[in-house]
Each structure stands twice: as C-alpha cells, then as structure tokens.
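Reviewing the structure listed below.
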Amino acid sequence: MKKSYIIAILAALLTLSACDSYFDIDFQDQANLEEIFSKKNTTERYLTHLYSYLPHDEDTHNGAGYVIPRSDEGLFGFLGYGSFNKLRSGDYSTAAQGDVVQYNIWKTMYIAIRQCTIFMDYVDLDTEDTAQVRAAMRAEARFLRAFYYFCLFRQYGPVIIWGDELAPENAEGSKLDRNTVEENINFIVDELDKAAKDLPTTLTEIGANDSWTGRATKAAAMALKSRVLIYAASPLYNGQDGGTLKSVFSSKKNYYGKQIFPEYDQSKWDKAAAAAKDVIDRTSCSRPGTRKPYGAGGTSE
C-alpha cells in the first residue's frame, strides 16, 4: 500500500514537470522602469518612496537619534535591557545583530543610494511634468542620496562612494575599500551644491500642493552642507594637530594606497563658518516678518 502511494506521488510530479507552462512565469504584467517613469503619478510615487529610507533621528528612545545612553551617569534605561545597556557594557557595535540590528544601517543606506541614482537616471522620461519640476525632483533625489551618504559617514566614518554609477552586482569585497575622508566630504558637498541650484526656495515655486509638505528645498541642501563641513573641520576627521592620534591617523591607508585621514587644516573651520552664515542669511531673508541678518540694514522686513 505504501509503495503504491509513493509511486502515485512520483507519477503526479512527473506529470506536472511535463507541463512546462504550469511553472512558466510571465512578468509582462509588471511595470518596468521605463513604464514607471513614463507617467507623472508613478514617477512622483517613486520619489516619495526615496524619502522612506530617512532615519528616525527624532526618536530619542529607539531610532538612529537614540540619546538615552549619551549620559556618563546613565546606568539603566526605563526601556529595559536593550541596546542602551549593551552600550554601557561595551557590547554595542554598529554591525551588531539581534536587538541592536536597527543601528546597522549599512545595507539599508546603500539600497536607498541605489534607488536615488536610478531615479536620477530615469526621471526625464516623465514628460507629463514640466522640465522645471523634473529638475527639482532630480535635485531632491540628489539631496537624499547625499544625505544617505552622510548617514553612513557619521556612523562608519569614510565609506565607499559610487558616484553616479550603480554598484556592480558582482562586486568583490576583497577588492573594494572605503574612499578617503576628503573624497567622502567633497562628494557630498559637491552633490549638495548641485542639488541647491535646482531645488526651489519654497515648494510653491514648482506648483507643489499640500502632499509635498516636508520635501527638500534649497535651504535644506544648504543646511546639510553646513553640517557636513562642520564634521569635516572637527578633530575627528580633520587630522590631528599634534599628539598621539596624529600618528595613528596618518598611518591608515586604504586598499588603493591612499591615506584615509587628511592632515590638519585650519581653513576647514572657515569653510564651515561660511556655509553656516549662508544658511542664516538665506533663511532669515526668505521669511516675511523676520529680522534681517546683522549688518544688512534695518531691523525687520
């Protein structure tokens, strides 16, 4: 009886395998990139999706902005034995698994970066939007890509920069290494400068409605540039002006033989200050009823 049962099953499987069409999958009913970007609605939905990778910096308990363990006096958190106590005990790692896996953003950020690059490559297929709107949307994607690189930089230090290329699917980790600090900073800043040229000062400039609230503007790109340049000027990334750490940093080279950390450069503080001043000048002048920048004449608009 058991033997007959097994023979029946095998016969059924052979019958199914003979029907190739049963297992054939036809993807013709699924939209490809050209079709997605040929329509205004799906193009804008794709752009909205790019924002979904933004980290929850405002979540002070669980997200990327986790601030509970930043106190030297902190012993226990009201959330129980989570990543807070792992940090206090020295068991925390940005590459950790388990209950601190939410802090391992490496894979997520590179997925986001890839999606931003794809959007920038295909957005001009959307002929239902004006050239001005397409330029603004590409600038948004460029801004987001720069921000995602910054998220990686602030957590892992200098990382691999792919630029406008998509990371190859056959990339070998043994033949790849991080770009230098200078290359990371310069790329992010250059991208933000490019984005700022096409981003609107206010969303109404491109006919945006309420559904676009919270999207990137020119001021957002300038503010992020200011923040990145402050990181670049800080002792953490600006070499070391003497001391033991200077020799440690200067000895670090990547796979390509480049020195990862730069020599100390005092002028980087001047660049950071200038970028911050640009943000202050633009935001204070663009809002009606606010005070003008110091020295601009008058007290209010």
query: Taking the side chain from Thr117 and the backbone from Ile113, do they hold a donor-acceptor pair closer than 3.5 Å?
result: yes
message: Within the 4.5 Å heavy-atom criterion, are Glu205 and Thr202 side-chain neighbours or not?
response: yes
task: Could you tell me the separation between the OH atom of Tyr53 and the OG1 atom of Thr108, rounded to the nearest 0.5 Å?
output: 8.0 Å
- prompt: With a 4.5 Å heavy-atom cut-off, do Gln266 and Asn238 have their side chains touching?
  reply: no
query: Going from NZ on Lys225 to CD1 on Ile185, what distance comes out if it is rounded to the nearest 0.5 angstrom?
result: 12.5 Å
query: Just checking, is any N or O donor in the side chain of Tyr149 or Glu191 under 3.5 Å from an acceptor N or O on the other one?
result: no
- prompt: Mind checking whether Lys258 and Glu183 have side chains closer than 4.5 Å, heavy atoms only?
  reply: yes
task: Salt-bridge test for Asp164 and Arg145: reply yes if a basic N is under 4.0 Å from a carboxylate O, no otherwise.
output: yes
- request: Quick one: which residue pairs count as a salt bridge (charged side-chain N to carboxylate O under 4.0 Å, His left out) with a foot in residues 264-275, not counting sequence neighbours?
  value: Glu182-Lys268
- request: Only one of Ile280, Asp278, Val279 passes side chain to side chain contact (heavy atoms under 4.5 Å, CB included) with Ser226; say which it is.
  value: Val279
statement: To the nearest 0.5 Å, atom CD1 of Ile206 lies from atom CD of Gln132 at 7.0 Å
message: Which residue in the set Arg134, Lys40, Lys39 passes side-chain hydrogen bond (donor to acceptor under 3.5 Å, both in side chains) when paired with Asp129?
response: Lys40
Linked, directly or transitively: Leu192 and Trp162 (ILVMFWY side chains, under 4.5 Å): yes
task: Would you tell me whether Tyr51 and Glu140 have side-chain atoms, one donor and one acceptor, within less than 3.5 Å of each other?
output: yes
message: What I'd like to find out is whether the side chain of Leu236 reaches to under 4.5 Å of the side chain of Tyr231, using heavy atoms alone.
response: no
- request: Determine whether Leu203 and Met137 fall in the same hydrophobic cluster, where Ile, Leu, Val, Met, Phe, Trp and Tyr are linked whenever their side-chain heavy atoms lie under 4.5 Å apart.
  value: yes
- prompt: Is any side-chain heavy atom of Pro158 closer than 4.5 Å to a side-chain heavy atom of Asn179?
  reply: no
task: Hey, could you give me the CG/CZ distance between Leu152 and Arg178, rounded to the nearest 0.5 Å?
output: 11.0 Å
query: Atom CD in Glu165, atom CG in Asp121: separation rounded to 0.5 Å?
result: 10.5 Å
query: Could Asp124 and Arg138 be called an ion pair, given the rule that one side-chain N must be under 4.0 Å from one carboxylate O?
result: yes
task: Kindly indicate whether the side chain of Gln259, heavy atoms from C-beta on, has any atom under 4.5 Å from the side chain of Glu263.
output: yes
query: If we only count heavy atoms from C-beta on, is the Tyr148 to Leu54 side-chain gap below 4.5 Å?
result: yes
- request: Report yes or no: do Val123 and Leu125 belong to one cluster of Ile/Leu/Val/Met/Phe/Trp/Tyr joined by side chain heavy-atom distances under 4.5 Å?
  value: yes
field: Under 3.5 Å side-chain donor-acceptor pair for Glu44 and Tyr46
entry: no
- request: Dump the intermediate steps for side-chain contact (heavy atoms from CB on, under 4.5 Å) on Phe147 and Leu224, then the final yes or no.
  value: CA-CA 8 Å; Phe147 181 74; Leu224 180 56; 3.7 Å; yes
field: Full working for side-chain contact (heavy atoms from CB on, under 4.5 Å) between Met109 and Arg114
entry: CA-CA 9 Å; Met109 291 296 100; Arg114 182 183 182 86; over 6 Å; no
query: For Ile105, does its backbone N or O pair with a side-chain atom of Tyr156 as donor and acceptor, under 3.5 Å?
result: yes
Flag side-chain contact, heavy atom, 4.5 Å: Met120 against Arg142: yes
- request: Please check if Ile188 and Trp106 belong to a single hydrophobic cluster, counting links between Ile, Leu, Val, Met, Phe, Trp and Tyr side chain heavy atoms closer than 4.5 Å.
  value: yes
Between Phe119 and Phe37, ring centroids under 6.0 Å: yes
Main-chain N/O of Pro200 paired to Lys218 side chain as donor or acceptor, under 3.5 Å: no
- prompt: Is the backbone N or O of Ile160 less than 3.5 Å from a side-chain atom of Tyr110, with the two atoms forming a donor-acceptor pair by type?
  reply: yes
message: Please check if the number of heavy atoms outside Glu34 that lie under 6.0 Å from its CD is greater than 12.
response: yes
query: Any donor and acceptor pair, going by atom type alone, linking the side chain of Thr42 with main-chain N or O of Ile36 inside 3.5 Å?
result: yes
message: Just verifying a value: how many Å separate Ser234 OG and Leu229 CG, rounded to the nearest 0.5 Å?
response: 11.0 Å
Residues Asp193, Lys197: salt bridge by 4.0 Å N-O rule: no
